[in-house]
Amino acid sequence: MEASEYLSVLNPEQLEAVKHTGSPLLILAGAGSGKTRVITTKIAYLIQELGVNPSSILAVTFTKKAAQEMQERAERLEPFSVKSNIRTFHSFGAWFLRLNAEEANLSPNFTVYDDDDMVTIVQKAIPVLSKQEASGVAHKISLAKDYCMECDDPNLISISSDPDFPEQYTLYQKRLEETGNVDFGDLIMKPVLLMRDNPTVRNYMHRRFSVIMVDEYQDSNVAQFKLLQMLSGEKTYVCVVGDDDQSIYKFRGAEVRNILDFQKQFPGTQVIKLVRNYRSFAPILGIADAVVSHNTDRLGKTLTAERGEGKHKPELIFLANQDDEAHWVSQKIKESVKLGVPFSDWAILYRTNAQSLEFETEFLHKHIPYSVVGALKFYEREEIKDIVAYLSFLSNPKDEISFRRIVNKPARTVGSVSQDKIISLYQKNKTEGSPYTILDACIDALKILPKKARDGINEFVELIQNARVEIGMSSLSSQEVLIAVKKQEAIIAQEIGIGQNETLTNSFSDELSVENVTEKRIKQKKLSDFIDKLIEKSHIKNYHESQDEISGTQRVLNLQEFVNSAVLYECTPLGLCDFLDHIELDRSLENPYGEDNEDAVTLITLHNTKGLEFPRVIITGLEYGVFPRRDKVDSELEEERRLFYVGLTRAQNELYLTSCTMRRLYGRTDFMEPSPFLSEIKPEQIEITGKIPYSFRKSSYNSQNSFGKSIDSFYSKKISSIENDISEIAEIWQKGKKIYHDDYGYGMIIRTTADDAEYVITVQFENGAVKRFMPKYNANRLMIVKD
DNA sequence: CCCGTCGTTATTTTT
DNA sequence: TAACGACGGG
């Protein structure tokens with residue numbers, strides 16, 4: 001696509017951000033201000049207009065979803081973006097560590113342990129701890145790693161005042177390193193340490209990436225900041241994008257200071273603010289602004305509503321209890337649906353997952369389709385963890401945690417005592433960098449095991465060895481993985497023009513050819529078939545089949561789904577490694593059965609809404625103690641307020657807030673006070689319905705005439721908000737107009753219709769697609785191209 | 001090795 | 001309240 005075309009849809013600030021070069025750049029992008037468009041356009045612009053080599057562009061995001069979206073949209077603007085590195089922080093770390101596996105003292109086909117695995121390692125490393133204590137320690141260790149603190153860092157005291165903690169951390173780390181694997185924290189921290197200590201690697205990276213962009217910078221942690229710092233050489237162009245008002249992950253180590261202090265950390269930084277909001281009507285933004293301006297620690301900005309006033313005044317509804325709340329919500333949805341609103345327009349937001357239950361039961365009763373976001377965590381299911389453990393162990397047979405998980409599953413009479421014997425033998429026999437594995441230890445341990453366990457181990461070893469042969473795994477294959485990774489990198493290094501006398505490339509530079517690496521991937525049989533067979537042979541299928549019968553679960557189905565997801569990977573050590581990376585770095589897979597096409601109401605926690613938008617939003621449970629939680633004060637209260645801000649700014653057209661007088665909590669029914677955030681909204685900004693709690697009336701609403709309409713009158717009230725100013729919209733979106741859509745590119749309006757409530761345009765896109773839109777709801781993704 | 005019972009304990013969670 | 005884990009008995 002021509003630059004003049006994609007630049008023409010930008011507003012002046014966006015354009016400035018895209019064209020900016022030279023100094024570091026901080027883009028403060030408010031909610032709904034077209035942030036992703038700016039980043040993707042910038043990538044295209046850099047490649048097309050400034051001649052930057054696409055391979056030397058690194059764009060990092062936090063979620064896989066965001067990375068994918070960014071990649072797709074960038075490619076639509078500039079096909080060569082396919083070569084850019086658009087990935088999550090963690091997948092970048094995994095790539096980095098695989099490339100530098102030797103220097104980082106890891107096996108190149110390492111896998112990544114999740115939080116549960118961390119707990120298991122803590123327990124094995126420090127057996128005196130109870131499970132609960134172990135998970136506390138594991139949590140603190142990951143926090144320490146988020147702050148990039150090593151075992152001997154004196155600042156560990158700020159993570160935990162427990163004098164044993166540094167030692168616990170040390171024991172954990174030692175045990176972890178014996179497995180040759182890493183945890184999530186290592187994926188960021190180890191690259192930082194390696195670059196700090198190894199100038200060759202650091203200098204290589206400086207030449208490797210000339211442009212680094214970071215999305216959602218407000219949620220980066222200290223380790224990620226240090227990674228950015230390490231990756232930035234003198235000539236690196238650094239651009240971070242974020243919104244300090246949307247920082248909501250402090251409890252996971254995110255550091256708002258990163259964005260607040262960016263200008264200090266990167267001297268000469270230019271700041272560009274994107275404050276034109278294309279998502280929400282003005283009254284919604286007004287409320288959001290009124291609330292968030294109560295925070296003190298912020299850079300400060302006010303969004304302007306490009307969509308104008310709208311017809312709907314946000315509503316605050318006071319209800320008696322959570323049953324009424326669920327009832328009111330379902331009533332509201334049903335009324336709107338009668339008027340032709342799709343269920344998918346609606347999102348119900350709440351602070352804690354447990355709050356979804358009320359709505360789920362109510363919706364089941366009322367036959368309202370819904371989907372709960374983040375509820376089914378596919379990769380946390382037992383059966384999936386089992387098969388992943390089998391694969392991880394195949395890939396890296398030093399993996400103690402996976403070994404313990406699978407060796408006796410299904411039962412092979414190898415209990416924990418036998419497992420301990422094998423592991424301690426492994427620890428005794430292995431030496432630094434030796435190829436000795438747990439599998440070898442199993443064989444060597446046969447003599448010291450009881451007969452029953454011996455049979456089981458024989459069975460297990462045979463199973464694993466056969467599988468390893470089948471996938472082509474040998475004692476050398478970890479080297480093969482390394483060489484393959486380095487080859488790929490060497491090709492790119494050559495393209496970018498980084499000299500050949502690098503440690504990275506010199507050992508095999510003569511073998512280079514583009515086909516070598518890419519062509520290989522097409523042949524071979526599918527990894528999915530291999531996994532399918534493994535599920536049979538290992539008997540985990542049988543095992544979970546019987547579990548299904550007992551408890552009516554769908555484990556076999558889930559296993560099948562897992563198998564299917566491997567269909568695009570080849571059955572080789574490298575293919576397996578790729579696949580494991582893919583799943584381990586994306587635990588968020590929702591709705592594996594593809595139900596997401598259905599027209600359904602979204603039930604979602606406030607945290608999970610980040611980056612999303614909905615035409616109609618209801619934020620529920622606005623009571624002190626629920627949201628914000630009672631224990632939140634000072635900076636943590638500010639974070640809760642930002643969470644509220646994030647929720648508010650998800651709404652495009654209509655916004656409702658609900659608060660209950662009474663709530664069942666932990667088995668008790670308690671009287672609740674309204675959330676203090678509600679009194680930060682000015683009375684004239686919101687329409688109040690229901691019985692206003694006395695304390696609330698007194699605190700900020702006593703001069704208000706509105707006592708609120710009674711609930712009954714509300715239920716009978718006709719919904720008028722749907723009537724929109726159609727003529728105003730029709731004037732803008734006329735037949736023949738050329739438009740641009742973020743997902744589909746350029747097109748032309750070929751038909752317009754106005755039925756009783758909605759104005760619909762039909763667009764013929766240049767890529768052939770014909771789509772129908774309601775401009776009212778799509779104003780932020782869809783725009784008219786000026787001639 | 002599996003099942004039932006009792007007691008404990010309640011956030012948010014991109015990777 | 002409800003859900004999960006620890007523990008003990010069959």
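Naming: A, B, ... by sequence-line order, numbering from 1 per chain.
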Mind calculating the distance between [atom1] ([X]) and [atom2] ([N]) to the nearest angstrom?
X         : N       : atom1 : atom2 : answer
Leu643(A) : dT12(B) : CG    : C1'   : 7 Å
Asp186(A) : dT15(B) : CG    : P     : 18 Å
Glu639(A) : dT14(B) : CD    : P     : 14 Å
Tyr666(A) : dG7(B)  : OH    : C1'   : 18 Å
Asn353(A) : dA10(B) : CG    : P     : 16 Å
Met189(A) : dT15(B) : CE    : C1'   : 16 Å
Arg663(A) : dA10(B) : CZ    : P     : 19 Å
Arg252(A) : dT15(B) : CZ    : P     : 9 Å

Over all strands shown, is [X] touching base, sugar-phosphate only, or nothing at heavy-atom distances under 4.0 angstrom?
X         : answer
Ala411(A) : sugar-phosphate
Lys250(A) : nothing
Asp219(A) : base
Arg668(A) : nothing

**Asked** Hey, are Arg257(A) and Asp297(A) close enough for a salt bridge, meaning a charged N less than 4.0 Å from a carboxylate O?
**Response**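 Salt bridge: yes.
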
**Prompt:** side chain to side chain contact (heavy atoms under 4.5 Å, CB included) with Lys250(A): which residues, sequence neighbours excluded?
**Reply:**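 Side chain to side chain contact (heavy atoms under 4.5 Å, CB included) check on Lys250(A) returns Ser635(A), Glu639(A).
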
**Asked** Which residues pass the side chain to side chain contact (heavy atoms under 4.5 Å, CB included) test with Gln71(A), sequence neighbours left out?
**Response**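 If we apply the side chain to side chain contact (heavy atoms under 4.5 Å, CB included) test to Gln71(A), skipping adjacent residues, the hits are Glu75(A), Ile86(A).
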
Which whole number of Å gives the distance between the [atom1] atom of [N] and that of [M]?
N       : M       : atom1 : answer
dC4(C)  : dT11(B) : P     : 12 Å
dT14(B) : dA3(C)  : C1'   : 26 Å
dG5(C)  : dT12(B) : C1'   : 23 Å

**Prompt:** Going 5' to 3' along DNA chain C, which nucleotides are the first and last within contact of chain A (any atom under 4.0 Å from a heavy atom)?
**Reply:**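 Boundary nucleotides touching chain A, in 5' to 3' order, are dT1(C) to dA6(C).
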
**Prompt:** Which residues pass the ring-ring contact (aromatic ring centres under 6.0 Å, His included) test with Phe62(A), sequence neighbours left out?
**Reply:** Phe89(A)

Distance-only donor-acceptor pairs under 3.5 Å for side chains of residues 137-144 of chain A, two or more places apart:
from      : atom 1 : to        : atom 2 : distance (Å)
Lys140(A) : NZ     : Ser160(A) : OG     : 2.9
Ser142(A) : OG     : Ala138(A) : O      : 3.2
Ser142(A) : OG     : His139(A) : O      : 3.0

**Message:** On DNA chain B, compare the nucleotides closest to Glu636(A) and Thr413(A); which residue's is nearer the 5' end?
**Reply:**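 Taking each residue's closest nucleotide, the earlier one in sequence belongs to Thr413(A).
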
**Request:** Indicate whether Phe251(A) forms a stack on dT12(B); treat it as stacked only if centroid distance is below 5.5 angstrom and interplanar angle below 30 degrees.
**Result:**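 Yes; by the centre-distance and plane-angle rule, Phe251(A) counts as stacking on dT12(B).
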
**Asked** Parallel, tilted or perpendicular: which fits the ring planes of Phe403(A) and Phe460(A), with parallel below 30° and perpendicular above 60°?
**Response**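 Perpendicular, since the angle between the ring planes exceeds 60°.
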
**Asked** Quick one: are the ring centres of Phe262(A) and Tyr217(A) less than 6.0 Å apart?
**Response**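 Yes: the rings meet the under 6.0 Å criterion.
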
Which of the following nucleotides, [options], is nearest to the side chain of [X]?
X         : options                   : value
Tyr249(A) : dT12(B), dT15(B), dT14(B) : dT14(B)
Thr605(A) : dT14(B), dT13(B), dT11(B) : dT13(B)
His607(A) : dT15(B), dT13(B), dT14(B) : dT13(B)

Can you give each donor-acceptor pair under 3.5 Å made by side-chain atoms of residues 665-678 of chain A, sequence neighbours left out, with the distance rounded to 0.1 Å?
from      : atom 1 : to        : atom 2 : distance (Å)
Glu673(A) : OE1    : Ser695(A) : OG     : 2.6
Ser675(A) : OG     : Phe627(A) : O      : 3.0
Ser675(A) : OG     : Phe677(A) : N      : 3.2

